[in-house]
Amino acid sequence: MDVVQTSAVNFYENVSAKEVEDFYHNMLKTAGEKHPMLGLNSKLVKEDGKLVEKVWKSGGMYGSAIDRVIENLQKAIPYAENPQQAKALQLLIDYYKSGDLKTFDAFCIAWVQDTAGTVDLINGFTEVYHDPKGFKGDWEAMVEYNDPDATEKMAIVSKNAQYFEDNSPIMAEHKKASVKGVSYRVINVAMEGGDAAPSTPIGVNLPNSDWIREDYGSKSISLNNIEDAYGKAGGALATAEFANDPEEVERAKKYSEACGKMHTALHEVIGHASGKLNPNIAAPHVTLKVYASTLEEARADLVALYYMPDPKLVEWKLMPDGEAYKAEYDSYIRNGLFQQYRRIQPGDDLEEDHMRNRQVVAAWVFDKGKADNVISKEVRNGKTYFNINDYAKARELFGQLLREIQRIKSEGDFNAAHDLVEGYGVKVDPEAVKEVRARYASLPTKAYSGFVQPKLIAVKDAQGNITDVKVETETDFVQQMLRYGKEYNFLPVKN
Ligand SMILES: [Zn+2]
């Protein structure tokens, strides 16, 4: 079927997948080597038989809301912590005014180089997961501040980025000779909006432009207060229901917090930043198309899974001991092959990239380990369980799959990407979905979590200077969403 015409997103109107591809591939021909992410900030429509981009910018599509973004960025500039941060903010404003993606790249470069501040932001049309063709970015925003203690602890991961690259199971020709500028901070979120709310990521690595990452590096953050909240929101009860044995439950209790933070750090800092493309191979969304995002997430997860048993992590005091990684393996397999089905209906296939990625990884390792009984599937009293019998072998298999997915990305091997994702990451047994949903029905946890944002209220003195910020918390999620609808409804009904 036509993935654009049958898609629920509103990035395209009256255009087919083929027309989208032709349009951007044509543009790519004359775009030069270090080109921006084409199509990132526009809707592509057909008008009078011609394809036109409606650019999201001041005076363009969504202009009335973008003007409010500009207004607030302008207010932030006098408070910038250093000239580099002020420069980045100004470039972001210029980009919102012109809609020029080259200016967005200039912003991304200035933003990557702004590492001295204690406060930072993410702001722009960013992640392309929702576009079946992988061109259009969802708008998102985040304001965050550093957690210095946790950052110092994790800094050892980015300091040793080259160790991870050199010892990776990927092929020698796909390794970076020198891994650049992997900056990692543990942060707390002050406010999130757009695509980052009310459901939020727990780790972010930006910018997404491959050439900027290679030439200037990227910034990785782990969202500490979000991870803490997730940890306290009832995951333990689900583990008790789905874990194969009391040993696994104990292990999860003891290690899951450390494992979660370590997985995010390795996924973001080492995973997304590692490996390189072969010469003259286009970016993955061009070569691997609809499978690019799924495999990129799988690649980053596999780097984390492969390195979690590394004794260096214990030596560096990032993991409590040599057994801890087993808790991560247990939960990854359980979730990838089973628990994550709580988010779909019986009869559905997997469509979301992260869900596909987790199933590709878990199902591939399950399948390839069958002969050696690496992971067994057990059914007791009508309930399904998964048990890892050989952790060392599981690690070896994670390494093999990492090598293969890096090869697919580096070579732009579309056929292999297709076979891997369609073969392992899409189809789901409806009976398994029914069982997972039934077992979750009795637990007080929901399939997705939405967050309530703080209300930040400026306290002013008699002269009108801001002297403090008061935090008020809205306790009712529905109330929050209704308030957003009233207070932040800057778009005309018809745009
Ligand atoms: Zn990722």
Side-chain angles (χ1 to χ4, degrees), residues 37 108 112 122 124-131 134 137-138 140 142 144 154 157-158 161 164-165 168 170 176 179 181-187 189 192 195-196 199-210 212-214 217-224 226-227 230 259-277 283-285 288 290-308 328 331-332 335-336 340 343 350-362 398 401-402 405-406 408-410 417 420-421 425 448:
M37 295 179 70
C108 289
V112 164
I122 288 167
F125 300 98
T126 309
E127 302 293 353
V128 296
Y129 298 110
H130 286 148
D131 177 1
D138 283 356
E140 80 172 81
M142 199 183 284
E144 76 225 24
M154 285 294 183
V157 176
S158 43
F164 292 106
E165 190 75 357
S168 165
I170 64 175
K176 281 180 181 156
V179 181
V182 190
S183 123
Y184 186 70
R185 284 170 303 133
V186 180
I187 58 100
V189 162
E192 295 178 307
D195 191 32
S199 190
T200 166
I202 52 173
V204 183
N205 182 310
L206 288 173
N208 282 331
S209 161
D210 272 316
I212 297 180
R213 294 162 86 103
E214 267 193 39
S218 59
K219 274 202 240 182
S220 278
I221 54 166
S222 156
L223 285 57
N224 205 26
I226 299 288
E227 280 194 294
Y230 272 129
C259 283
K261 288 183 178 174
M262 204 61 241
H263 182 101
T264 311
L266 290 170
H267 174 113
E268 299 297 341
V269 182
I270 306 301
H272 283 306
S274 78
K276 65 175 184 190
L277 301 179
H285 73 285
L288 308 181
V290 75
Y291 305 115
S293 295
T294 296
L295 291 182
E296 180 56 21
E297 290 312 311
R299 205 175 64 84
D301 270 0
L302 284 163
V303 169
L305 291 164
Y306 181 78
Y307 277 112
M308 285 189 64
E328 182 65 21
S331 78
Y332 198 94
N335 192 44
Q340 66 165 344
R343 292 180 167 171
L350 296 185
E351 293 192 22
E352 202 272 331
D353 291 318
H354 293 84
M355 293 183 75
R356 284 184 168 189
N357 128 48
R358 290 180 205 119
Q359 184 170 295
V360 166
V361 172
F398 286 136
L401 184 57
L402 171 58
I405 291 180
Q406 181 62 54
I408 291 171
K409 181 184 178 182
S410 295
L420 190 57
V421 177
Y448 286 95

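In each ligand, atom 1 is the first atom listed, and ligand 1 is the first ligand listed.
- Looking at V128 and N208, their side chains never come closer than 4.5 Å, going by heavy atoms from C-beta outward.
- Closest approach between the Zn ion (ligand 1) and any N/O/S atom of E297 involves OE1.
- Residues F164 and L266 form a side-chain contact, since some pair of their non-hydrogen atoms from C-beta on lies under 4.5 Å apart.
- Among the atoms of D301, no N, O or S atom falls under 2.8 Å of the Zn ion (ligand 1).
- Vertex the Zn ion (ligand 1); arms to H272 NE2 and H267 NE2; angle rounded to 10 degrees, 90°.
- Remark: E297 engages no residue in a salt bridge (charged side-chain N to carboxylate O under 4.0 Å, His left out) (not counting sequence neighbours).
- The Zn ion (ligand 1) does not have H354 among its coordinating residues (no N/O/S atom, backbone or side chain, under 2.8 Å).
- Take N224 and apply the side chain to side chain donor-acceptor pair (under 3.5 Å) test, not counting sequence neighbours, and it matches D147, K261.
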